[in-house]
2 protein chains.
Amino acid sequence: MVNFEYYAPTKMVFGKGTQLQAGQLAKQAGATKVLVHFGSASAKRSGLLDQVLASLDAVGLPHVELGGVVPNPRLSKVREGIELCKNEGVDFLLAVGGGSVIDSCKAIGYGLNYEGDVWDLYRRKATPTACTPIGCVLTIAAAGSEMSNSSVITNEEGWLKRSVNNDLARPRFAIMNPELTYTLPPYQTASGCVDILSHTLERYFSGPETVEPTDSMAEGLLRTVIAMAPRALQAPTDYEARAAIMWAGSLSHNNLTGCGRGDGGRAGDFACHQLEHELSGMFDVAHGAGLAAVWGAWSRYVMDAAPARFARFARNVMGVSGEGSDSEIALAGIEAFETFLRSIQMPVTLGQLGVPTDDATLERLAWMCSYEGTRTIGTFKVLDLEDIKAIYHMAK
Amino acid sequence: MVNFEYYAPTKMVFGKGTQLQAGQLAKQAGATKVLVHFGSASAKRSGLLDQVLASLDAVGLPHVELGGVVPNPRLSKVREGIELCKNEGVDFLLAVGGGSVIDSCKAIGYGLNYEGDVWDLYRRKATPTACTPIGCVLTIAAAGSEMSNSSVITNEEGWLKRSVNNDLARPRFAIMNPELTYTLPPYQTASGCVDILSHTLERYFSGPETVEPTDSMAEGLLRTVIAMAPRALQAPTDYEARAAIMWAGSLSHNNLTGCGRGDGGRAGDFACHQLEHELSGMFDVAHGAGLAAVWGAWSRYVMDAAPARFARFARNVMGVSGEGSDSEIALAGIEAFETFLRSIQMPVTLGQLGVPTDDATLERLAWMCSYEGTRTIGTFKVLDLEDIKAIYHMAK
């Protein structure tokens, strides 16, 4: 077990009706004026926004609203939020939505405490020294931003997607009502589940080593989401399934499943995330679906680095039994996971994802993913330009 | 899944050499003068205390020391600490030790922020409104106090043992170096492992319901400690075993394994803890050993309330396989756990624990445990005076 730090200070308030506590929790966190940040009109239509605003009113907390956050949240909206908060004297940011809205809040929070342009922090010209406190009412189980230190923002000038990972931005509280996810479309539900699984898988496959209790807990989270995803698709108002997925989503990306793994503080492989990053950068695909489309190819390409690790996954997560070499069991596990992905209508190839698979496109994806041949990705097996190219081709 | 809150804000700094970061972490937490609180002379002898003091000196943090905390930490020492801290202007409390030292720090922290006598808070005459910030360097894997909100103090006048559970006292940071537990005597190591297991078992058996991912993660923690305890006893410097036990200790009592379980916010049964409480109150026995001595009797007495739950434990934790009714599998699981306890030289009866088992003693234990017949304990099966008596007799 390598040395690690684990820091997940967010107060999780989980269950039915918890959105009604938003005002009270914001007040306890010291808010005197609140920005309510949200995405599309659905938060308005569903009545959720009204409930949240009423809960702020009930504790006498003044507020301003800013909607319009889009998936892959944008710098222009962040700048708009910073301006608004400065003018209005906002000192608390309340995200009502999914990972994009929370990430946008984190960026606004940094920007309010930085003299220069907030993009400086994302392009690593400067490091954040403070962040306005954040709370959230989660409506999508996927990104884990409600408990994580991560914020990813896209700059429309050049469509650069950059992240800041800093503990200053970890939300003070997260309100988690699984019922709020009942109305998610099936594709978004499934894609969210793959994102959640991927956050644990990236850490589980950071290297060949066994680390307990981290591995056993990771396997429990994986088995849970694999069992519950089909239930949530079958019956969108299955509370137990929605609740299990939502809670697993937070625990899969707060680094609980990375503790003691990897070295040099890198407790995750994250090659699949980087392979996917180029797909959603170049084409308009859902993040989770993109992850599903590359995972099988990545797994088959890297498994020889430590077949026993994949065999453990096969047995303990996918329920593969029987005799066979580690490699045979490993392959059976990869196939079983792909069968699961198909069962929830997720793609297991780039073709099924609906992106072009001609040689020129794949070359370009590999070129960009490798930062024009200047970087490697992954830790389970370190992948250079040629490896990346091979994986994209295998994923066709 | 019932509604729950999960709040575990402690920054965990885990691994070799981490005690050298004590000064830096205290400084980051805002300390300007530190009380270093510890127990026996072993912290001095081992050189740990010198390392911690040197790390405070290195960042220019003045400090005072107060040793002498005993197991079942005492009110008189807490009062001594409050007095010292007031006179010295201490604003940060650093526990160097196990759960007793941390609990004593929590009490001092409350007392420094309360006008009256600190015992008022423990006898529920008043509620804490603030607590001086606390950090810790953990030397015993057992109680989980490094991440919990709990503090248990014994008032020597009448030997009353009372607790305060309040989030104000959750440590700001916990330094966790598994190497510091290498020198623990075998009995204390084993007893600590049982305490850790019990913190998860109490929650796992809070009721019949299945809650995922909580159950699967709990099972992973249990399997880990059951596998690692014999390794740590066999080879006290087995780092992986010590590390797994230490990390499992924190995760078993920060309520991760209670999330979504129980109702009315009671996410644990805790009958075994209450049965044991009387044993260690009346006789000088180690807490974990006392838990081991009553668990089998408690399990057999209550299992009929939900045999399927015990059968799941048998299969998923103890590796019981094969056919049989839930009750048969359940019993096999209980027996397997007792076999494990024996294998680490823990008692599975009161006789083996070394306490008197005459009728008068058992009657008196039951009388006290039931608060003179006025309360019930447990949630898996609610136990009154007669039930408690029956369990003590079964545990003979």
Side-chain angles (χ1 to χ4, degrees), chain A residues 1-18 21 25 147 167 170 172-174 176-178 200 209-225 227-228 239-252 254-257 259-260 316, chain B residues 1-18 21 25 147 167 170 172-174 176-178 200 209-225 227-228 239-252 254-257 259-260 316:
Chain A
M1 194 186 291
V2 302
N3 285 13
F4 65 89
E5 289 192 5
Y6 176 72
Y7 182 56
T10 306
K11 180 173 199 161
M12 309 303 286
V13 180
F14 195 104
K16 295 176 185 176
T18 46
Q21 298 179 42
L25 288 163
M147 220 172 175
D167 285 340
R170 290 192 194 262
R172 300 299 174 96
F173 63 80
M176 316 269 291
N177 180 352
T200 293
E209 69 280 8
T210 295
V211 180
E212 298 295 359
T214 298
D215 284 348
S216 290
M217 290 194 296
E219 288 161 357
L221 286 167
L222 293 169
R223 286 195 307 270
T224 296
V225 178
M228 297 297 182
Y239 184 82
E240 291 304 311
R242 292 290 191 180
I245 292 166
M246 197 176 211
W247 187 218
S250 301
L251 297 176
S252 293
N254 74 1
N255 211 32
L256 182 67
T257 59
C259 291
N316 292 3
Chain B
M1 194 186 292
V2 302
N3 286 13
F4 65 89
E5 288 191 7
Y6 176 73
Y7 182 55
T10 306
K11 180 173 198 159
M12 308 303 287
V13 180
F14 196 103
K16 295 175 185 176
T18 46
Q21 298 178 43
L25 287 164
M147 220 174 175
D167 286 339
R170 289 192 193 263
R172 301 298 175 96
F173 64 81
M176 316 269 292
N177 180 352
T200 292
E209 69 280 7
T210 296
V211 180
E212 297 294 359
T214 298
D215 285 347
S216 291
M217 290 194 296
E219 288 161 359
L221 285 167
L222 293 169
R223 287 194 307 270
T224 296
V225 178
M228 297 297 181
Y239 184 82
E240 291 303 312
R242 292 288 191 182
I245 292 165
M246 196 174 212
W247 186 218
S250 302
L251 297 177
S252 293
N254 74 1
N255 210 32
L256 182 67
T257 59
C259 290
N316 291 2

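Every chain is numbered from 1 and lettered A, B, ... according to where its sequence line falls, protein lines coming before strand lines.
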Of all the heavy-atom pairs spanning B:Tyr7 and A:Pro9, show the shortest one and how long it is.
CE1-O, 3.3 Å
Criterion side-chain contact (heavy atoms from CB on, under 4.5 Å) on A:Phe14 and B:Cys259, from CA distance to verdict:
CA-CA 9 Å; A:Phe14 195 104; B:Cys259 290; over 6 Å; no
Of all heavy-atom pairs between A:Thr224 and B:Ser216, which one has the smallest distance, and what is that distance?
OG1-OG, 4.2 Å
For the pair B:Val13 and A:Phe4, evaluate side-chain contact (heavy atoms from CB on, under 4.5 Å) and give the outcome as yes or no after the intermediate values.
CA-CA 6 Å; B:Val13 180; A:Phe4 65 89; over 6 Å; no
Side-chain heavy-atom pair B:Glu219, A:Met217 within 4.5 angstrom cut-off
no
Heavy-atom pairs under 4.5 Å with chain B: which of A:Ala227, A:Ala244, A:Ala241, A:Pro178 has the most?
A:Ala244
Qualifying residue for side-chain contact (heavy atoms from CB on, under 4.5 Å) with B:Tyr6, from A:Lys11, A:Met147, A:Met176:
A:Met147
Do A:Leu251 and B:Leu256 come close enough that some side-chain heavy atom pair is under 4.5 Å?
yes
With only heavy atoms counted, which part of B:Tyr239 is less than 4.5 Å from chain A, the side chain, the backbone, both or neither?
side chain
Separation of A:Arg223 CZ from B:Asp215 CG (nearest 0.5 Å)
11.0 Å
If I measure from the heavy atoms of chain A, does B:Met246 come under 4.5 Å with its side chain, its backbone, both, or neither?
neither
Can you find a pair of side-chain heavy atoms, one from B:Met1 and one from A:Glu240, that are under 4.5 Å apart?
yes
Of all of B:Gly15, B:Pro213, B:Ala243, B:Ala218, which one pairs up most often with chain A through heavy atoms under 4.5 Å apart?
B:Pro213
If I take atom CG from residue B:Leu221 and atom CD from residue A:Glu212, how far apart are they, to the nearest 0.5 angstrom?
9.5 Å
For B:Met228, is it the side chain, the backbone, both or neither that has a heavy atom under 4.5 Å from a heavy atom of chain A?
side chain
Let me know if B:Thr10 has heavy atoms under 4.5 Å from chain A in its side chain, its backbone, both or neither.
backbone
